[in-house]
Protein chains: 2
Amino acid sequence: MVTIYDIAAKAGVSAMTVSRVINNTGKISDKTRTKVRRVMEELNYVPNHMARSLVLQQSNLLFLLITDITNPFYTTLARGAEDAAKKHGYRLLFGNSDENVEKEKDYVDTILATRADGVLVAPAGDPSLPHLETLRKHRVPFVLLDREVPGMDSDVVLGDSKEGARKLVDHLSAQGHRRIALINGSPYISSARLRLEGYKEALKLNDLVYDENYVLETAFEPRSDLSEIESWLDRMKPLPSAIVAGNNVLAVEVIRTLHGRGIQVPQQMSLVCFDDLGPYSEIDPFLTVIAQQAYQFGYLGMQMLVERIQQRGESGLPWKKIVLPADMIIRRSVAAISAPK
Amino acid sequence: MVTIYDIAAKAGVSAMTVSRVINNTGKISDKTRTKVRRVMEELNYVPNHMARSLVLQQSNLLFLLITDITNPFYTTLARGAEDAAKKHGYRLLFGNSDENVEKEKDYVDTILATRADGVLVAPAGDPSLPHLETLRKHRVPFVLLDREVPGMDSDVVLGDSKEGARKLVDHLSAQGHRRIALINGSPYISSARLRLEGYKEALKLNDLVYDENYVLETAFEPRSDLSEIESWLDRMKPLPSAIVAGNNVLAVEVIRTLHGRGIQVPQQMSLVCFDDLGPYSEIDPFLTVIAQQAYQFGYLGMQMLVERIQQRGESGLPWKKIVLPADMIIRRSVAAISAPK
DNA sequence: TAAAATAATGTTACCGATAACCTTAAATTA
DNA sequence: TAATTTAAGGTTATCGGTAACATTATTTTA
């Protein structure tokens with residue numbers, strides 16, 4: 001590998017002069033600058049970030065930790081984070097925790113060892129607390145995305161989950177639905193908790209009764225085994241006329257399960273959910289959803305992170321919380337019920 | 001930040017002894033080992049990868065460069081690459097070039113500066129050649145995914161694009177279609193070229209005539225402006241009865257455009273494409289596709305990369321080419337045509 | 001019992017860059 | 001013209017690790 005010493009020797013100057021040319025610091029004569037530049041080109045010099053980071057004590061590297069790389073919500077979020085990072089001159093690396101607290105821990109270790117300047121984290125859930133405490137202890141700035149973790153104050157970008165759930169239930173109720181079920185993520189995930197709360201509140205406001213058999217709390221990520229959903233469907237007697245899914249993945253799996261039983265959406269079962277399906281909802285604008293502004297989660301989160309990093313030391317800055325609105329897109333997955341049963 | 005020197009001082013040993021404990025090298029008495037370990041825990045020591053990489057001249061970091069992070073083909077591929085990297089003890093970072101040769105160049109620079117041990121690249125296209133030459137010149141091992149680049153020999157994982165195109169056309173022909181159009185990626189992308197070739201060959205074998213007005217060569221990635229597709233549709237007189245799309249993104253955009261004109265798939269227009277739509281094709285198993293084994297692209301590519309890295313020096317190893325089969329999944333986006341016109 | 005081997009640890013130099021300080025010659029200023 | 005500045009560049013130490021080569025005790029072997 002070519003180093004600044006090779007350049008220095010060939011150009012007949014000191015390594016420091018080469019460093020000055022590279023970073024445009026100090027005073028350098030045009031003649032020297034040109035000569036050094038020429039030699040750099042000639043030898044295909046590429047600076048060594050690691051050596052640089054070691055002295056500077058900062059890596060110019062940021063990390064984005066998401067929980068499901070195959071979910072369009074997170075990939076769109078990633079695009080937003082990427083764009084914002086690039087705008088501020090940072091490099092961005094991605095990690096994928098798979099909703100798995102263990103994998104998340106591995107990534108946190110990697111992040112610390114890499115001496116990343118900051119992290120954007122969509123935490124796996126409340127059990128992520130120790131990882132966040134580790135980051136805090138090592139003074140790595142971070143911003144939480146999509147989910148809060150009780151016991152840890154920080155900057156955070158959230159969606160308005162409670163309001164979103166209310167809107168979905170209100171919409172179903174307005175279409176005449178009286179038996180509305182909820183399939184949701186784990187209660188150890190803040191957004192799932194809020195969605196459950198919103199669901200309950202909206203039921204009450206619409207004079208519908210809450211029945212815990214109508215609620216399934218499971219995992220937000222894709223599963224190979226649908227039996228949990230199957231037995232939930234078996235448990236509900238009578239079957240609901242509509243289902244609210246806590247995210248897009250759950251909605252898809254509900255559809256798979258229903259299709260397996262020959263139940264059509266929306267003819268025999270209405271379905272709504274959180275998060276859109278990415279560009280593919282364009283093929284067939286079918287699912288009625290709360291379309292969270294995924295790109296903004298990433299973009300705004302990254303902006304907050306960069307601010308934090310650049311104000312390091314001035315610790316006074318209070319934590320910021322951004323709550324993005326829950327906008328409903330009405331499509332065709334809800335049938336109107338004429339005669340209330 | 002806590003360093004091995006802090007540990008060494010507190011444990012009353014030398015830094016080298018701490019290093020030995022961390023890496024499990026050399027001979028260390030149990031007593032010393034235990035003491036050092038305890039101090040490390042106490043001080044929350046985290047090793048500094050950068051310092052380590054600097055001496056060792058290897059970073060244990062691999063890179064995956066994809067062209068469209070919102071495309072399920074690539075995110076699934078990423079999962080495969082991630083799993084294989086983890087299996088071999090490497091850390092993996094992702095980059096997203098957006099089918100953009102400029103961005104790709106930026107990433108290549110970052111990769112070199114980061115001193116990554118190797119790279120998995122889905123190149124933007126033939127114009128990526130100089131970037132690959134740069135990697136080669138700096139002796140960074142790489143494996144190409146999904147696309148070859150003329151003029152650059154290397155390990156590569158491809159799909160059988162020609163065969164896939166043939167299968168799609170054969171299927172359409174068998175359903176009675178005589179006017180089959182093709183919307184494809186740029187001719188500067190090897191897979192697009194092969195898909196065009198397969199399309200032409202299959203036309204000939206099925207006694208169909210090739211009409212260049214029926215072929216649109218555009219970009220594989222999502223676009224905001226559909227006018228190019230619009231004017232292509234205008235240009236085709238009469239309209240084809242079926243369209244082959246070079247990838248999933250193009251298929252989606254064709255559907256959007258057709259819907260804008262009130263043309264239904266498959267009633268008024270049949271449509272098939274390369275690459276599945278991820279989990280969301282489960283909602284509505286609609287599109288007939290060549291479902292490439294995305295996960296395998298990433299997994300096998302990563303295996304080849306790791307082999308290359310570990311055999312560094314033994315340059316004799318010939319380049320390997322893996323061609324994954326093109327399996328067709330027949331669904332409902334093709335209508336049978338009874339009376340040939 | 002002296003010589004050789006081994007276990008356990010320490011010293012020094014270096015990876016590639018940069019900050020902080022130092023030197024020299026030319027240009028300003030008084 | 002002598003005293004200061006300034007421009008242009010060099011020297012040295014350091015970031016946090018590790019390889020390679022000492023250095024000691026302590027065993028083992030002849």
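Since this is a predicted model, take the numbers as computed values, not measurements. Residue numbering restarts at 1 for every chain, and letters A, B, ... go by the order of the sequence lines.
- Between the side chains of B:Asp68 and B:Thr70, at least one donor N or O lies within less than 3.5 Å of an accepting N or O.
- Side-chain contact, B:Tyr299 with B:Lys87: a donor N or O sits under 3.5 Å from an acceptor N or O.
- At the phosphate of D:dA8, neither OP1 nor OP2 sits under 4.0 Å from any side-chain N or O atom of A:Thr17.
- One cannot find a donor-acceptor pair under 3.5 Å joining the base of D:dG16 and the side-chain atoms of A:Arg115.
- If you check every strand for non-hydrogen atoms under 4.0 Å, A:Leu56 touches sugar and phosphate atoms only.
- Within the cation-pi definition used here (under 6.0 Å to the ring centroid, within 45° of the axis), B:Lys137 does not qualify as a partner of A:Tyr45.
- Distances shorter than 4.0 Å separate none of the side-chain N or O atoms of A:Ser29 from OP1 or OP2 on D:dA7.
- Residue B:Asn23 has a polar side-chain atom (N or O) positioned under 4.0 Å from OP1 or OP2 of D:dT18.
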*Any chance you could lay out the ring pair (Phe, Tyr, Trp, His ring centres under 6.0 Å) test for A:Phe94 and A:Phe63, step after step, and finish with the verdict?*
CA-CA 6 Å; A:Phe94 302 77; A:Phe63 240 93; 8.8 Å; no

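- A side-chain donor from one of A:Ser128 and A:Glu104 sits under 3.5 Å from a side-chain acceptor of the other.
- Remark on DNA chain D: of its neighbouring residues A:Val55 and B:Ile22, the 5'-side contact belongs to A:Val55, judged by nearest-heavy-atom nucleotide.
- In terms of phosphate contacts, A:Gln57 brings a side-chain nitrogen or oxygen within less than 4.0 Å of OP1 or OP2 of D:dG16.
- Residue A:Ser14 has no polar side-chain atom (N or O) positioned under 4.0 Å from OP1 or OP2 of D:dG9.
- Closest contact between the side chain of B:Arg52 and the listed nucleotides D:dT18, C:dG16, C:dT9 involves D:dT18.
- For C:dT18, the OP1/OP2 oxygens have a side-chain nitrogen or oxygen of A:Ser19 closer than 4.0 Å.
- At a threshold of 4.0 angstrom between heavy atoms, the contacts of B:Thr32 are confined to the sugar-phosphate backbone, with no base atom among them.
- Within 4.0 Å of A:Ile28, counting heavy atoms only, lie sugar-phosphate atoms of the nucleic acid but no base atom.
- Proximity note for B:Met16 (side chain, C-beta onward) versus D:dG10, D:dG16, D:dT18: the nearest is D:dT18.
- Applying the 3.5 Å distance criterion, the base of C:dG16 shares no donor-acceptor pair with the side chain of A:Tyr5.
- Of the side-chain N and O atoms in A:Lys27, one or more sit less than 4.0 angstrom from OP1 or OP2 of D:dA7.
- Distances shorter than 4.0 Å separate some side-chain N or O of A:Tyr45 from OP1 or OP2 on C:dA17.
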